[in-house]
Trainee: 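Here's a structure for you.
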There are 2 protein chains.
Amino acid sequence: MAQPAAGKTAGGPRRPRVTISDVAQELGLTKGTVSRALNGYADISESTRNRVLHAAEAMGYRPLSHAQAIRTGKVRSVGLVLQLNQHDGHRPFLQDFLSGISEAASAADWTMTMATASSDEDTQRLLAKLVAEHKADGFILPRTYMVDARAEFLRAEGVPFVLFGRTRKEEGCAWFDVESEAAMEEAVRILHGLGHRRIGFVPGSREYTFSVIRQEGYEAGLRRCGLPFDSDLVGRDALSRASGAEATRALLSLPEPPTAIVFCVDRAAIGAYEPAHLAGLAIGHDLSVISYDGIPEGGLVSPKLSTFSVDMKHAGERLAQLLIRRIEGEAPETLRETVRARFLARGSHGQPALSSADVARRVKSALNY
Amino acid sequence: MAQPAAGKTAGGPRRPRVTISDVAQELGLTKGTVSRALNGYADISESTRNRVLHAAEAMGYRPLSHAQAIRTGKVRSVGLVLQLNQHDGHRPFLQDFLSGISEAASAADWTMTMATASSDEDTQRLLAKLVAEHKADGFILPRTYMVDARAEFLRAEGVPFVLFGRTRKEEGCAWFDVESEAAMEEAVRILHGLGHRRIGFVPGSREYTFSVIRQEGYEAGLRRCGLPFDSDLVGRDALSRASGAEATRALLSLPEPPTAIVFCVDRAAIGAYEPAHLAGLAIGHDLSVISYDGIPEGGLVSPKLSTFSVDMKHAGERLAQLLIRRIEGEAPETLRETVRARFLARGSHGQPALSSADVARRVKSALNY
DNA sequence: GAAAGACCCGAAACCGGTTTCGGCAATAGA
DNA sequence: TCTATTGCCGAAACCGGTTTCGGGTCTTTC
C-alpha cells in the first residue's frame with residue numbers, strides 16, 4: 001500500500017465533529033437546505049429556518065471555515081506581515097495594535113493570520129506565500145512606504161489590502177491614517193504662540209510616507225505662522241534614540257540654533273535629552289521639544305515628553321474593519337479614513353527662556369568646557 | 001433567484017488560480033496522480049514525478065491550503081491566544097516571542113493564527129471558537145497556570161497543544177520551559193557567596209506555575225547554602241513596578257531586613273529602586289537585587305539590573321517546533337524541553353556593605369526624616 | 001510458456017461545505 | 001376550472017484537493 005511522506009495523526013479520543021449532514025439527517029432535510037437556511041437565503045420558510053437554527057445550536061454545529069472556503073473562496077481571515085527588526089520602531093505599539101486588529105476581527109467572526117519578517121525581501125516573500133496558499137483574504141500593510149512594493153504586488157494579484165498610512169499611487173488603495181501633518185503643523189503653531197521663532201525639525205526617513213507627510217506639516221506650520229523656511233533647521237533623519245541625539249547635536253551646533261525642535265517620532269525625541277543636558281540646556285525651558293507617537297517611554301523621561309499621541313488600538317480596529325469591508329466588495333475609494341492625533345501637553349515645551357544667540361553661546365561654552 | 005446575505009466579491013482582474021487539474025491536464029495525467037506525485041507516494045515512477053514537479057513549478061501551482069485541509073484535516077497553522085492586558089506582563093517579550101514562533105512556523109511551511117484576549121474568560125471563548133472552526137491544528141499556551149483551564153479544554157477536545165511553562169497535571173502535556181528554579185537557586189548561592197545571610201524573595205503570583213517554581217528554587221538555594229528559611233523574608237506577590245515597590249518597602253521595614261532580595265520578575269525588581277533610594281540605600285551596594293526575565297528596561301535603570309535573561313525568540317521557535325511535531329503525531333512525553341536562563345551580572349548586586357541591623361537603622365532614620 | 005508479482009497509473013469516491021436547477025404543492029389570477 | 005405564479009425544498013453538481021481501489025503492462029520465476 002502506498003505510504004505518504006508525513007506521519008500519522010495525533011490527538012486523543014477526539015469525538016467526531018458534527019457536520020452539516022448530521023444536522024440535515026437529524027431534521028430529515030438535505031444538507032443543501034440546511035446550508036441555505038443557515039446562510040440567510042430567502043427561499044427557506046421561516047419555520048424551517050428556525051428548526052435548523054435551533055438544531056444546529058443544540059447539536060453544537062459549527063461549520064469548518066476551510067470547508068466553506070473551498071467553495072466561497074474566503075477563509076475569513078485578515079493577514080498581517082510585520083517587519084519587526086526595523087528601528088525597533090513599533091515595538092511599544094505592537095501590543096495595542098494587535099489587540100485592535102484581533103478584537104475587530106473576532107467581533108466580525110474573522111481571525112487573523114500573521115507572520116513576522118526581518119527585511120523587505122522577507123516581507124515580500126512571506127506575503128507571496130500567504131497569497132499563494134490563500135491563508136488570508138486580504139492584508140493590512142503597516143508602515144507605508146512612498147513606493148510600496150507590497151501594495152504593488154497585492155494590486156497586481158488582485159488581493160484586497162488596506163494601508164496604514166498613505167502612499168504615492170493612491171488608485172485602488174484603501175487606507176487608514178492619522179493626520180500627522182496636522183499634528184506637526186499644530187506643534188509649530190503652539191511653539192510660535194509661545195514665542196519661539198527658530199523652530200527646528202527632525203524627520204524620520206524619506207522612504208516612509210509618514211516622514212514626508214510630517215515634514216510637509218512642519219513646513220505648513222511655518223507658513224501659517226509667517227516664519228521663513230530655513231533648510232538648516234531641518235536635521236538629519238532620525239528614527240532611533242541615537243540618531244535623534246546626533247541630529248540634536250548638529251542642530252544645536254548651528255550658528256543660529258533653534259530654541260525649539262519638532263521631532264517626527266518620539267524615539268528620536270528622547271534622544272534629544274542627553275545632548276541638551278550636556279550643553280547645559282534644560283528641556284522644556286531652554287529648549288522646547290514636541291514630538292509625535294505617544295510611546296510609553298515618553299512618560300518616563302524627565303521632563304515628560306510633550307507629544308501627539310496615537311491610539312494604536314483604535315487604528316488596529318479600524319484597519320481590520322476597513323479591510324473586511326474591502327474584501328466583501330466595497331470600493332477602495334469609500335474606505336479611506338483619517339483621524340487626528342491627540343496632543344499630550346507635558347513638560348518638554350514652554351516659553352523660550354533663551355534667545356537663539358544665547359543658546360549658541362551656551363552650547364559653545366559647554367563644548368569648550 | 002435566491003440571494004445570500006453577504007455582498008459580492010471584491011478584487012480586480014484576479015487571474016484565475018492554477019489548480020491541480022490544470023497541471024494534470026497539461027501533462028495528460030489525472031489529478032489523483034499529480035497529487036500523489038507531489039506528496040511523495042511510492043507508487044509513482046521517478047520520471048513521472050519529475051515531470052509533475054517541473055510542470056507544477058513552471059505553471060506556478062501552489063495547492064490551496066484549505067482545500068487540502070478538508071481531506072487531510074490539517075490547515076498547517078499553529079494557534080496562539082495572547083492574553084495581553086494582564087500586568088502588562090509580556091509586553092517587552094512580545095516581539096521576540098512572535099518572531100520566534102513565526103519564523104519556525106514559516107520554516108516548516110506553516111503559518112500562525114493568533115488572537116488576543118483581555119481576560120481568562122475571553123481567552124477560553126476565543127480558544128473554543130478557534131477550535132470549533134478549526135482555524136489552527138494546535139495551540140501554544142503561554143503563561144501556564146498551576147491549574148490551566150486552557151489545557152483542560154484542549155485535552156478534552158483532543159486538540160494538540162504545547163505549554164510554555166509547566167503545569168500541575170503533566171499527563172498528555174508537551175512543554176517548553178526555562179529552568180527558572182535553577183536560576184533562583186543560583187541567585188541565592190551567588191548572594192550567599194558574596195556574604196549575604198538575610199536574603200529576601202518576592203514572588204509573582206501563586207496562580208502561575210512559574211512563580212511557585214521560582215519560589216521553590218529560592219528555597220532550594222537557601223538549603224544548599226545552609227541558610228534557614230524565614231517566611232518573613234518572603235514578600236507579597238508582585239508582578240508590576242508598583243507592587244514590587246510595595247513589597248520592597250515591607251521587607252525593608254522588617255525588624256531584621258534582608259541585605260539582598262531576589263525577585264521573581266524584573267518588572268517588580270525595578271520597583272525596588274525607588275523605595276531603596278528613599279531609604280537611603282544604594283542598590284548594588286547597601287541592598288543587592290537579583291531578578292529574572294531580562295527585559296530591556298532592566299538595562300535602563302541605574303545601576304543596571306542583575307538578572308537572569310531568557311531568550312524569548314528561541315522559546316517561540318522551540319514551542320512552534322514542538323507543537324508541529326505534536327500535531328504530526330509524536331507522543332507528548334517525548335516533547336518536553338527545558339533550557340537554562342543566562343545570568344546577566346550587572347550592577348544591582350554585590351558584597352553587602354551593611355549588616356541587616358545597619359539596614360534597619362538606616363531605614364528607620366530615613367522614615368523619621 | 002504460463003502464472004505470479006512488481007510497477008504504475010486511471011477512475012472514482014471522498015472531505016464538508018455551497019450553489020444551481022428543477023419540480024412539486026399551494027395559491028393567485030382569469 | 002384551468003393556468004400562471006409563487007414558495008419551498010430535494011437532488012445533484014461543484015469547489016480543489018486527497019486517498020482508495022482495481023486493473024493493465026512489464027518482469028520475473030519455475
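In what follows, every chain begins at residue 1, and chains take the letters A, B, ... in the order their sequences are listed.
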Trainee: Do W110(A) and L323(A) pass the side chain to side chain contact (heavy atoms under 4.5 Å, CB included) test, and can you show the C-alpha distance, the side-chain angles, and the key distance before you say yes or no?
Mentor: CA-CA 11 Å; W110(A) 283 52; L323(A) 177 57; over 6 Å; no

Trainee: With a 4.0 Å cut-off, would you call E328(A) and K74(A) a salt bridge?
Mentor: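 Looking at E328(A) and K74(A), the cut-off is not met.
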
Trainee: Provide, to the nearest angstrom, the distance between the CD atom belonging to E46(A) and the P atom belonging to dT6(D).
Mentor: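 Taking atom P of dT6(D) as the reference, CD of E46(A) is at 20 Å.
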
Trainee: Determine: side-chain N/O of Y61(A) to OP1/OP2 of dG17(C), distance under 4.0 Å, yes or no.
Mentor: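 Yes, because at least one side-chain N or O of Y61(A) sits under 4.0 Å from OP1 or OP2 of dG17(C).
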
Trainee: Rounding to an integer number of Å, can you tell me how far R76(B) CZ sits from dT18(D) C1'?
Mentor: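 Roughly 13 Å, once rounded to whole Å.
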
Trainee: Would R76(A) and I327(A) satisfy side chain to side chain contact (heavy atoms under 4.5 Å, CB included), going step by step from the backbone distance to the final call?
Mentor: CA-CA 9 Å; R76(A) 294 215 324 280; I327(A) 293 169; over 6 Å; no

Trainee: For N39(B) and dT19(D), what is the distance between atoms CG and C1' respectively, to the nearest whole Å?
Mentor: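 Checked: the CG to C1' distance equals 10 Å.
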
Trainee: Roughly, in whole Å, what's the span from CD in E133(B) to P in dG16(C)?
Mentor: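 Atom-to-atom, E133(B) to dG16(C), this comes out as 16 Å.
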
Trainee: If I take atom OH in residue Y41(A) and atom C1' in nucleotide dG10(D), what distance separates them, rounded to the nearest angstrom?
Mentor: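 So the two atoms are 16 Å apart, to the nearest Å.
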
Trainee: Would you say the side-chain atoms of T144(A) and D148(A) include a donor-acceptor pair closer than 3.5 Å?
Mentor: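 Distance-only check fails for T144(A) and D148(A).
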
Trainee: With a 3.5 Å cut-off and heavy atoms only, can you find an N or O donor on one side and an acceptor on the other between the side chain of R36(A) and the base of dG17(C)?
Mentor: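 Not at all, since no donor on one side and acceptor on the other fall under 3.5 Å apart.
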
Trainee: What is the distance, to the nearest angstrom, from the CZ atom on R51(A) to the C1' atom on dC8(D)?
Mentor: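 Those two atoms, CZ and C1', are 13 Å apart.
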
Trainee: Given V75(A) and T113(A), is the side chain to side chain contact (heavy atoms under 4.5 Å, CB included) satisfied, shown in steps?
Mentor: CA-CA 10 Å; V75(A) 292; T113(A) 296; over 6 Å; no

Trainee: K74(A) has an atom NZ; how far is it from atom C1' of dG16(D), in whole Å?
Mentor: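 My rounded result for the distance is 16 Å.
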
Trainee: dG10(D), dC9(C), dG17(D): which one has an atom nearest the side-chain heavy atoms of D43(B)?
Mentor: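 The answer is dC9(C).
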
Trainee: Salt bridge check: are D22(B) and R17(B) linked by an N-O gap of less than 4.0 Å?
Mentor: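 A salt bridge is absent here (no side-chain N lies under 4.0 Å from a carboxylate O).
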
Trainee: Under 4.0 Å between a side-chain nitrogen and a carboxylate oxygen: does that hold for E152(B) and R155(B)?
Mentor: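 The answer is yes: the pair qualifies as a salt bridge.
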
Trainee: Determine the contact category for S35(B): base if any of its heavy atoms lies under 4.0 Å from a base atom, sugar-phosphate if only primed atoms, P, OP1 or OP2 are that close, otherwise nothing.
Mentor: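 It contacts base atoms.
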
Trainee: When you check the gap from the basic side-chain N to the acidic O, do D177(B) and R336(B) get nearer than 4.0 Å?
Mentor: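 Salt bridge: no.
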
Trainee: Heavy-atom nearest nucleotide on DNA chain D for L64(B) versus T30(A): which residue maps closer to 5'?
Mentor: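 The answer here is T30(A).
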
Trainee: Judged by modelled atom types alone, do K135(B) and T111(A) share a side-chain donor-acceptor pair under 3.5 Å?
Mentor: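 The answer is yes; a qualifying pair exists.
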
Trainee: Once you apply a heavy-atom cut-off of 4.0 Å, does S45(B) come out as touching a base, just sugar-phosphate, or nothing?
Mentor: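 Touches sugar-phosphate only.
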
Trainee: Only one of W175(A), Y145(A), F97(A) passes ring pair (Phe, Tyr, Trp, His ring centres under 6.0 Å) with F164(A); say which it is.
Mentor: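 Answer to the ring pair (Phe, Tyr, Trp, His ring centres under 6.0 Å) test with F164(A) among W175(A), Y145(A), F97(A): F97(A).
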
Trainee: Set out, line by line, the N/O atom pairs under 3.5 Å between protein and nucleotides 24-26 of chain D.
Mentor:
none

Trainee: So which nucleotide from dT20(C), dT19(D), dC9(C) ends up closest to the side chain of T48(B)?
Mentor: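 Of dT20(C), dT19(D), dC9(C), dC9(C) is nearest to the side chain of T48(B).
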
Trainee: Only pairs at least two apart or in different chains count here, so list each salt bridge (Lys or Arg N to Asp or Glu O under 4.0 Å) that has a residue in residues 50-63 of chain A.
Mentor: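 Listed by first then second residue: R62(A)-E133(B).
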
Trainee: With the side chain of T33(B) defined as its heavy atoms from C-beta on, choose the nearest nucleotide among dG17(D), dC9(C), dG10(D).
Mentor: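 So the nucleotide nearest the side chain must be dC9(C).
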
Trainee: Give me the residues of residues 18-29 of chain B where at least one heavy atom lies under 4.0 Å from an atom of DNA chain C, by number, or none.
Mentor: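 Those residues are G28(B), L29(B).
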
Trainee: Could you write out each protein N or O paired with an N or O of nucleotides 13-15 of chain C at a distance under 3.5 Å?
Mentor:
{"residue": "dC14(C)", "atom": "O2", "partner": "R71(B)", "partner atom": "NH1", "Å": "3.3"}

Trainee: Got T48(A) and L27(A) here, is their nearest side-chain heavy-atom distance under 4.5 Å?
Mentor: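 No, every pair of side-chain atoms sits at 4.5 Å or beyond.
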
Trainee: Rounded to 10°, tell me the angle between the two end axes of the helix from dG1(C)-dC30(D) to dA30(C)-dT1(D), each built from five pairs.
Mentor: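 If I round to tens, the end axes sit 50° apart.
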
Trainee: To the nearest Å, give me how far apart CZ (R49(B)) and C1' (dC8(C)) are.
Mentor: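 Taking CZ of R49(B) and C1' of dC8(C), I get 11 Å after rounding.
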
Trainee: Check whether any side-chain heavy atom of M112(A) lies under 4.5 Å from a side-chain heavy atom of T116(B), and answer yes or no.
Mentor: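 Contact flag for M112(A)/T116(B) side chains = no.
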
Trainee: For A320(A) and A105(A), which heavy atoms make the closest approach, and how far apart are they?
Mentor: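 Smallest heavy-atom distance, with atoms named: CB-N, 4.4 Å.
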
Trainee: Mind checking what makes side-chain hydrogen bond (donor to acceptor under 3.5 Å, both in side chains) contact with K169(A), not counting sequence neighbours?
Mentor: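 By the side-chain hydrogen bond (donor to acceptor under 3.5 Å, both in side chains) rule, K169(A) matches no residue at all.
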
